[in-house]
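Step one of this worksheet: look at the structure below.
Everything numeric here is computed off the predicted structure, so don't read it as measured data. Heavy-atom basis, side chains included; hydrogens, waters and symmetry copies ignored. First the proteins, then the strands, lettered A, B, ... as listed; each starts at 1.
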Amino acid sequence: MLLILVIAFVGLIVRCFCLQYFKNDHYTEICLNQLSYQQWQPQRGPIFDTRLRLLAASNRVQNIFADSHLIGDIENIKEASIQLSSVMDVGAHIICSEILDSKNPRYTKLFEDAALEQCQAAQKIRGVAVQTDYRRTYPMGSLMAHIVGFTSKDNHGLEGIELKFDEELRGTDSKNVFFADVRRRPIRLKEQNGILNDGVGIILTVDATIQQFVREELTKQYKEFEAESAMAIVANPKTGEILAMVSVPDYDPNNPLGTDPNNLRNRLVTDQFEPGSMIKPIVTAIALEKGAIRKDETIYCENGDYFGKSFGRINEYKNHRFGNLKIREILIKSSNIGMAKMGQKMGQETLYEGLKKFGFGELTGIELPGEVEGLLRPLSMWSGYSVTRIPYGYEINVTSMQMLRAYCILANGGRLVRPYLVKAVIDNKGEIVQMKRPMPPVGYIIKPEVAKWLINDALVGVVNERNDGGTGWRAKLDKWQVFGKTGTANIAKVGQKGYEDNSNIASFVAGAPAKDPAIVVLVSIRRPNGKLGKGDSGGAVASPVAGRIIERTLTYMGLAPTEKPKQVVAKKK
Amino acid sequence: MFWHKKEPPVSLLYKNEQSRIIADSIAVIVVLLMAIGTVFVFSASMNIGQEINFQKFYDYPGLRQIMFFPLACLIMYLFSCIDFQRYSLDKGWLKNPVVYLLLISIILLILILIQRFFEIFPKDGFIPYRNKHYRWLQIPLGSFSISFQPSELAKWMTVFFIAALVDKFGDDIKLFWKRFVPICLMIGLVMGLIIVEDFGTAALISLIAFLMLIMAGVKLWHILSPIPLAGIAFYYAIVSSQTRINRITAFIHLDKWQDKLNYQPNQSLIAIGSGGLLGKGLGQGISKYGHLPEDHTDFIFSIIGEELGFAGNTAVILLFIAFVILGIFVIIRCKDPFGRLLAGGIILTIAMQAALNIGVVTVVLPTKGIPLPFVSAGGTSMLLTAAAVGVLINIAKYSQSAPKRQKQSSE
């Protein structure tokens with residue numbers, strides 16, 4: 001009989017061997033799943049505007065959660081729910097069913113962002129605990145949506161700066177694996193993965209106030225003209241700082257779910273389009289730079305009907321008929337034929353090289369995700385039409401950002417400008433770790449005289465000479481001399497040849513003061529409703545917006561009026 | 001039938017070398033087991049953020065066990081010096097301490113039952129309500145109180161009493177009505193008192209009693225006839241309690257209800273299984289931090305498995321096997337029927353408990369609260385078991401190759 005017991009003991013040894021040798025891996029795995037690890041989340045870095053106004057911040061919030069396993073059986077859960085309902089001001093039956101239906105019996109999140117008293121009260125209940133988490137908030141709401149972007153719930157950047165600088169902002173979390181007791185208190189360290197580092201802060205070049213002006217003006221126009229979308233961007237041409245950047249329709253980054261995905265992207269860098277007349281000054285600059293034309297040259301504009309076997313037929317916008325035009329008049333009146341002839345004069349190689357130098361067909365390097373490089377076809381793919389069409393803005397796709405950069409180069413006296421959005425990186429003590437301003441690029445794209453002449457003579461004329469056919473007269477200001485160029489481009493049909501009727505992109509790119517440009521503004525409104533009878537051209541739709549933006553921005557910046565110092569206040573200064 | 005009496009009182013000298021080796025080996029094995037137990041109870045009772053207040057050291061199982069370990073050794077030594085013949089009924093009923101102790105334990109059991117049904121004592125007083133059962137007596141002693149389980153005492157006294165009674169009756173045991181039935185009634189009485197509050201211990205006692213009667217040479221049909229009755233009683237005992245049904249259903253479906261009914265066996269398997277061959281290292285286990293309930297008492301074997309792995313578990317089981325084998329030597333070498341039966345009962349009780357406990361912990365058997373002898377925390381059980389082993393050592397010491405007392409042939 002006792003021998004049977006001995007055999008039983010041997011059997012138990014075998015059983016132990018089975019458990020501990022053959023099933024060891026299985027149980028070790030369960031043991032790890034079940035027993036260990038704690039993770040510390042870093043605080044995501046804040047994002048500021050250039051004046052250190054908060055654009056995005058992660059706030060510490062206390063979440064109340066329940067561990068139904070620790071609470072006990074159903075009766076205990078009921079009791080706990082009743083206690084919790086008074087703490088959280090939620091019906092006990094809701095809490096109870098939430099706990100019971102939870103997929104993970106050991107973790108049911110009951111309440112987010114609880115107040116201190118709620119936390120203290122909740123912690124007294126067995127099986128209920130408080131957990132610290134971070135919640136990303138965007139105090140400016142949709143104002144900065146397309147620049148700042150937003151994050152997922154688990155602290156990953158999904159758009160904008162949040163995505164581009166995700167790694168820096170996120171910081172490093174420490175996934176310290178702990179052995180924990182049944183109440184999740186750590187016992188001792190098992191392994192340490194990484195050191196907890198809060199994310200760094202980022203200071204942008206954007207000024208929330210300017211952004212506010214721009215958004216206000218743009219939205220007004222966007223609504224008035226029932227447009228499909230609209231965008232505007234303001235930059236400092238000397239440094240390349242982006243001061244404001246608005247794309248409407250936008251969304252609320254605090255609650256991005258449910259937004260039309262089309263509105264999530266920053267159209268200024270992700271959308272390419274044929275720029276139309278906006279590109280004319282750039283092409284002219286190339287032609288002048290290369291000596292293909294002279295400033296005082298006259299070009300015969302064929303009375304509005306230019307035809308050739310190799311390049312087809314070219315007409316003017318609104319079927320104007322121009323005769324002999326000077327170079328500046330071509331720009332002021334926005335003659336397509338004049339531009340086509342200019343293209344022919346310089347030849348395709350010069351045109352291609354020049355556009356390349358101005359940065360078309362290449363990324364601008366702005367710190368935003370999803371930037372596209374536009375389309376500047378290589379010379380080998382150019383047709384006979386190309387050299388006549390590209391000079392007035394077709395057969396080339398650009399982004400607004402590229403266009404803005406080109407005008408910044410003009411406004412900067414022909415010097416290369418690299419636009420940028422991130423000014424500095426600061427650590428969590430508020431000290432600047434890294435200035436992000438790109439090295440001032442060296443080199444002239446065009447001669448300063450050419451740039452100066454274009455701005456002060458041709459482009460100022462676009463704004464000033466209303467009676468002489470200047471298309472941008474609506475942007476004219478009293479205090480500062482504005483220069484600019486309109487653009488009204490047809491929209492190519494998708495998947496088909498030709499262009500859509502009655503729909504276009506109305507743009508205006510401008511800067512002020514002309515003598516020493518402080519800002520360059522680009523406004524572009526897509527598909528304004530021409531049937532409203534208010535016009536749908538760049539001059540009619542976009543230029544007034546640009547004018548108002550310039551006025552408000554320069555006033556805000558405290559720039560002394562340079563033109564017609566009528567006002568007493570300005571004189572005193 | 002008479003014993004050959006009054007040989008010169010057995011001296012403390014060993015009769016021969018072999019007996020001495022066996023006796024010493026048993027002592028060594030038991031001390032080893034108790035040492036392992038003390039270490040692991042101390043390890044398992046670790047807790048986070050616990051500040052030890054030495055004024056109340058008795059409240060900490062780990063420290064209590066450290067105190068009980070030498071005490072148990074002392075008791076074992078003392079009992080090994082007491083001639084085991086004292087427990088026989090040779091000198092009459094009234095001179096036998098077993099009879100008194102059995103009576104005391106029966107009275108205590110009755111007291112506990114009274115408390116259960118009528119609550120005559122204040123709650124948490126003399127008879128506290130612990131783990132949903134009335135199983136304990138609490139004797140306040142100054143700043144701390146000693147807890148004591150009367151059913152443990154009753155268990156051992158039953159074993160001793162059956163051995164003594166059977167020895168007294170001799171061959172008369174074969175008489176059904178005169179001898180066998182009274183013994184059964186006595187066992188039934190003890191069992192009945194225990195079964196109300198502690199089904200496991202009651203079942204264990206009856207099983208041991210049953211096996212002892214077989215060893216004593218009771219006629220087989222005597223034994224077999226009450227078995228259907230016992231079977232029916234056993235069945236009803238299980239069916240009458242929802243807890244027991246649940247436990248058995250849970251055991252059948254081990255993969256279900258892992259966070260409720262099967263939590264404990266599942267955690268036990270995780271603890272043992274994750275230990276691997278060599279374990280996580282002494283004191284490095286995790287299960288003891290609240291994951292495995294009853295870690296320092298019934299489920300101490302899992303903690304050993306987790307921290308010392310297969311090696312530790314095998315060592316413990318091998319010690320028990322060695323204990324049983326040495327016990328078999330003692331029984332073979334002992335020519336005295338009373339000593340033989342008593343030794344058999346003691347070994348059977350200890351080995352049976354060990355096997356059942358390890359079976360429960362490794363989830364070969366459904367969950368039942370049986371402590372692992374010598375190893376699990378628990379003062380009553382440890383001291384009483386140590387006393388029983390002391391008796392066993394005494395039997396081993398005086399078992400000789402040549403019979404000490406010839407049995408005279410009876411008429």
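At a 4.5 Å heavy-atom cutoff, the contact between Ala354(B) and chain A is made by backbone and side-chain atoms alike. Interface residue Phe301(B): only side-chain heavy atoms are found under 4.5 Å from chain A. Residue contact with chain A, scored on non-hydrogen atoms closer than 4.5 Å, involves the backbone and the side chain of Val363(B) alike. Heavy atoms of Ile331(B) lying under 4.5 Å from chain A belong exclusively to its side chain.
Considering only heavy-atom pairs separated by less than 4.5 Å from chain A, the leading option among Thr314(B), Val324(B), Ile272(B) is Ile272(B).
Considering CD1 of Ile370(B) and CD of Gln353(B), their distance stands at 6.5 Å, rounded to 0.5 Å. Of the inter-residue distances, the one linking Glu159(A) atom CD with Thr151(A) atom OG1 reads 11.5 Å to the nearest 0.5 angstrom.
Salt bridge annotation for Glu162(A)-Arg136(A): present, with a cationic side-chain nitrogen under 4.0 angstrom from a carboxylate oxygen.
Looking at residues two or more places apart in sequence or on another chain, you find a salt bridge (charged side-chain N to carboxylate O under 4.0 Å, His left out) between Glu75(A) and Lys78(A). For Glu307(B), the salt bridge (charged side-chain N to carboxylate O under 4.0 Å, His left out) criterion is met by Lys288(B), not counting sequence neighbours.
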